[in-house]
Amino acid sequence: GRDQTAENGEPRLLRERVSLALDLLFGVMCVLLTFGCHSAENAGKPSAAQPPTAAKVEPAKLQSWLQAELRRDPTGVAEDDLIAEDAARRAAAVRTLARIEDPRSFEALSKALADENADVVSWAAFGVGKLCHGHEPEAVRRLVLRAASLAVTPGNANDPMLGAIALALGRCASDEAENTLRSWLKLRPVVAESAMLGLGQVARSRKRLDDATVAALLDAVAQTPESSALYAIESLPALGGPARSRLLEVANKALEHSTANRSFALRALAKGGAEAAPALRHVIEAEATTDAERADAARALGALGSAAHADLTAVLAARARKLIDEKAWLTSQHGVVLTLLESLDSKPNAAPI
């Protein structure tokens, strides 16, 4: 009898523990949402993962929407919530639908693009972009129309909403979306930067960009070397001869600027052919370069193939010697050497290190 009680009790105890854990999870996440905690882990998500005024929304409603998100159930958001007078309530409701990513929410999210509140529009654009597949023409049309209405307003107050729409167009990755984003490269720097990131999403999705888009991106780098324009170039499988030559010219200018976007230039140089090897080797050997940048340069150098084998071998020998001399085994220098080793294209006739 005791053994049978134990057998029956263990599953019950397990269920109770799981139930308690879920209750705690719901409670903690609800508190985080209530106080506006946010994460920017997904590119293209609105800058604030929680509307600033969401604390005004009833905690019980926030918890209900959180549960709807976890169940992936769009029916948990009522029509009244989407058209509520309170902007915080509308934003939180649209955010929930955008995160659930259910195709049934496409129409509701598309309608929310017409809202005047920046948080609502940003989350609606995010949701439309995530649900664009299968609705490309309609989604792009609605996004572009909303962007056109925002662009006519003087000043830059609408730039965050335009940026969210640019990233949503990047997720659609259609010809129309690419053409629109290419034209936005000539807009204000904040909007142009979002268009560059959107074109990077197009390149990652389609593995190609129109020649006109590649040329426009390279021109953008020439004008603003510290921009993100080379993000899209790094995602392409290859470049044609003229584009490679232009890339070498503008990427070298971009490398002169110590910004976070230098990594885009380093990775883009992997498409630059054998002529890109000296620039990448220089980055690895320079004392002012960070180890993260050296690792990017090492991978790009390895991607050039046999044409860069001699440079890769030389920098590997130098970095390995420096690692040994400085006994830097537990530093990021160790990672650079490992990256160089992984990038080295081993051949039977390779020169010894």
**OP:** Tell me, with the steps shown, if V221 and F264 meet side chain to side chain contact (heavy atoms under 4.5 Å, CB included).
**Re:** CA-CA 11 Å; V221 180; F264 296 147; over 6 Å; no
Original post:
Quick one: do the T213 and E178 side chains pair a donor with an acceptor below 3.5 Å?
Top reply: yes
Original post:
Would you say D81's side chain and A93's backbone share a donor-acceptor pair under 3.5 angstrom?
Top reply: no
Original post:
Going by an N to O cut-off under 4.0 Å, is there a salt bridge joining D119 and R90?
Top reply: no
Original post:
Taking 4.0 angstrom as the limit, do K253 and E256 come out as a salt bridge?
Top reply: no
Subject >> Main-chain N/O of L113 paired to R146 side chain as donor or acceptor, under 3.5 Å >> reply: yes
Subject >> Rounded distance [0.5 Å steps], OG in S149 versus CD in E116 >> reply: 7.5 Å
**OP:** Determine yes or no for a side-chain-to-main-chain donor-acceptor pair under 3.5 angstrom, with T313 supplying the side chain and H309 the backbone.
**Re:** yes
Original post:
Where the side chain of R294 meets the backbone of T289, is there a donor-acceptor pair that is under 3.5 Å apart?
Top reply: yes
Original post:
Can you tell me how far CZ of R99 sits from CG of L70, rounded to the nearest 0.5 angstrom?
Top reply: 10.0 Å
Original post:
Are any side-chain N or O atoms of S332 and backbone N or O atoms of G335, one a donor and one an acceptor, separated by less than 3.5 Å?
Top reply: no
Original post:
Does a salt bridge link K186 with D219, judged by any charged N lying under 4.0 Å from a carboxylate O?
Top reply: no
Original post:
Are any of the side-chain heavy atoms of N158 and V121 separated by less than 4.5 Å?
Top reply: no
Original post:
Is the shortest side-chain N to carboxylate O distance from R204 to E234 below 4.0 Å?
Top reply: yes
Subject >> Nearest-0.5 Å distance, OG1 of residue T339 to NE2 of residue H334 >> reply: 10.0 Å
**OP:** Can you establish whether the number of heavy atoms outside D73 located under 6.0 Å from its atom CG is more than 12?
**Re:** yes
Original post:
Below 4.5 Å, heavy atoms only, C-beta onward: do L143 and C132 meet side chain to side chain?
Top reply: no
Original post:
Is the closest side-chain heavy-atom distance between L247 and L230 below 4.5 Å?
Top reply: yes
**OP:** Give a yes or no answer on whether the side chain of S105 reaches the backbone of A108 with a donor-acceptor pair at less than 3.5 Å.
**Re:** no
**OP:** Dump the intermediate steps for side chain to side chain contact (heavy atoms under 4.5 Å, CB included) on L199 and L185, then the final yes or no.
**Re:** CA-CA 10 Å; L199 286 169; L185 294 176; 4.0 Å; yes
Original post:
Is a salt bridge present between R142 and E107, judged by a nitrogen-to-oxygen distance below 4.0 Å?
Top reply: yes
**OP:** Apply side chain to side chain contact (heavy atoms under 4.5 Å, CB included) to V144 and L169, showing your working.
**Re:** CA-CA 8 Å; V144 172; L169 288 169; 4.3 Å; yes
**OP:** For residues 89-109, pull every pair meeting ring-ring contact (aromatic ring centres under 6.0 Å, His included), keeping only residues two or more places apart or in separate chains.
**Re:** F106-H135
Original post:
Measuring from R72:CZ to D102:CG, what's the distance to the nearest 0.5 Å?
Top reply: 8.5 Å
**OP:** State, yes or no, whether a side-chain contact exists between L340 and I284 at a heavy-atom distance under 4.5 Å.
**Re:** yes
Subject >> Residue pair L280 / D311, side-chain heavy-atom distance below 4.5 Å >> reply: no
Original post:
Does the pair D325/K322 count as a salt bridge with the N-to-O cut at 4.0 Å?
Top reply: no
Original post:
Does a side-chain heavy-atom distance below 4.5 Å link L162 with R188?
Top reply: yes
Original post:
Any link between L109 and M161 through a network of hydrophobic side chains (Ile, Leu, Val, Met, Phe, Trp, Tyr) touching at under 4.5 Å?
Top reply: yes
Subject >> Single hit among V94, T96, V120 for side-chain contact (heavy atoms from CB on, under 4.5 Å) with L82 >> reply: V94
Original post:
Distance from L97 atom CG to E101 atom CD, nearest 0.5 Å?
Top reply: 11.5 Å
Original post:
Taking the side chain from R171 and the backbone from K130, do they hold a donor-acceptor pair closer than 3.5 Å?
Top reply: no
Original post:
Rounded to the nearest 0.5 Å, how far does CH2 of W65 lie from CZ of R89?
Top reply: 6.0 Å
Original post:
Are any side-chain N or O atoms of R267 and backbone N or O atoms of Y231, one a donor and one an acceptor, separated by less than 3.5 Å?
Top reply: no
**OP:** For residues P137 and E176, determine if any side-chain heavy atom of one lies less than 4.5 Å from a side-chain heavy atom of the other.
**Re:** no
